[in-house]
Protein chains: 2
Amino acid sequence: MSEIREEALVEPLEKFLGYQLRRVSAASMAHLANALSAQNLSPTLGTVLLMIEANPGATQARIGRALAMQRANIAPLIARLEHDGLIARKVSDGRSFGLACTPKGEALGQSVRRTMADHEAELYSALTQNEQEQLLDLLIKMRRSVTAAS
Amino acid sequence: MSEIREEALVEPLEKFLGYQLRRVSAASMAHLANALSAQNLSPTLGTVLLMIEANPGATQARIGRALAMQRANIAPLIARLEHDGLIARKVSDGRSFGLACTPKGEALGQSVRRTMADHEAELYSALTQNEQEQLLDLLIKMRRSVTAAS
DNA sequence: CAAGAATGCTATGAATAATAGCAATAAACC
DNA sequence: GGTTTATTGCTATTATTCATAGCATTCTTG
């Protein structure tokens, strides 16, 4: 009946917001990555896909800025989405392209949105509706100040 | 006077807790990494160092479990801390060692704690004291449920 | 004593992100 | 108009973090 339980260690960073944020975020990311693996997408790829879907015609530099990603890092992701036939590029500038989802990309986007919604519902059900809204508001407030500081 | 401002993109994941969590956590990690670079430590190394300092005698497997790190991933970190003279290993088992900070490690730990406290104070000053406590409580509650689910 | 579990570790690969630099193009300036 | 500056997409490279598989040693347990 009584299992052997390891005595818990002291957590010196317990009161640090950054530490708790990191721990929860890491767990959430792992959970989401697992959920999205069925669609053969990483969390980042899924996010970029949805971002393009919601902003047809945007260039990859703009998408990257909105997601706080460097141009150098988003390039291979765009190439991958295009290679998979999920997005298409239309010349907009002599140097840039307007991105948009293909029908295949929109279909997958729909599925990704469902997966993410399920993931959220499952993971965040430990919090009440009220707490979820509180947490969301606090995070958004944090992001505004953090983004402004950069 | 009026700068050219790029029209903001639609953020389809705006209401997703996991998304906002990731964005804030990423910004916080980058900020902390920058702050800790002066001590020649990554956030992970700093965290492990403080964890060992707070739990002298613990084995690296135990430290790893408490931080949700695989044995395979913590091994090189421990080797690095030992190589730098920050921690020492004392045989505890035929197969494991009890870890503890050296005086040099404790001195650095003190400095790391200060750096982290400063980092937190600077980054999270956008929230009131009350909001910071709310956020901390919500995150801890999330962590309990997430850990239980794993 | 034998079987299974735990520990430390290596090797390897995936995912994410940072920096530097390049060629082409656009925009701004004189 | 022509020069300078900025932007864009991209490659190459590196660092960090984390996951999996496997191995030898050593404990623990039946």
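A, B, ... follow the sequence lines: proteins, then strands. Residue 1 opens every chain.
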>> How many whole angstroms separate atom CD of Glu82(B) from atom P of dG8(C)?
In response: 12 Å
> Considering only heavy atoms, which members of residues 38-56 of chain A lie under 4.0 Å from some atom of DNA chain C?
Replying inline: Ser42(A), Pro43(A), Thr44(A)
> Of Asn73(B) and Ala75(A), whose nearest nucleotide on DNA chain D comes first from the 5' end?
Replying inline: Ala75(A)
>> Distance check needed: dC10(D) P versus Arg95(A) CZ, whole Å only.
In response: 14 Å
> Are Asp84(A) and Arg80(A) ion-paired here, with the side-chain N under 4.0 Å from a carboxylate O?
Replying inline: yes
> Atom CZ of Phe97(A) to atom C1' of dT8(D): distance rounded to whole Å?
Replying inline: 9 Å
> What is the distance from CG of Leu77(A) to P of dT11(D), rounded to the nearest Å?
Replying inline: 12 Å
>> Using whole Å, what does the distance between atom C1' of nucleotide dT11(D) and atom CZ of Arg71(A) come to?
In response: 12 Å
> Given dC9(C), is OP1 or OP2 found less than 4.0 Å from the side-chain N or O atoms of Gln60(B)?
Replying inline: yes
> Which nucleotide, dA17(C), dG9(D), dC10(D), lies nearest any side-chain atom of Ala61(A)?
Replying inline: dG9(D)
>> Can you measure Gln70(A) atom CD to dC22(C) atom P for me and round it to whole angstrom units?
In response: 18 Å
>> Any donor-acceptor pair, under 3.5 Å, between the side chain of Asp93(B) and the base of dA6(C), if you only look at N and O atoms?
In response: no
>> Between Arg65(B) and dT7(C), is there a contact of a side-chain N or O with OP1 or OP2 at under 4.0 Å?
In response: yes
>> Taking the side chain as everything from C-beta on, heavy atoms only, tell me whether Leu21(A) gets closer than 4.5 Å to Leu139(A).
In response: yes
>> Under a 4.0 Å threshold between the charged nitrogen and the carboxylate oxygen, would Arg113(A) count as salt-bridged to Glu53(A)?
In response: yes
> Looking at five pairs on each end of the helix from dC1(C)-dG30(D) to dC30(C)-dG1(D), what is the angle between the two axes, given to 10 degrees?
Replying inline: 30°
> So, is Arg80(A) close to the dA15(C) phosphate, meaning a side-chain N or O under 4.0 Å from OP1 or OP2?
Replying inline: no
>> For a quick check under 3.5 Å, do Gln20(A) and Arg143(B) share a side-chain donor-acceptor pair by atom type?
In response: yes
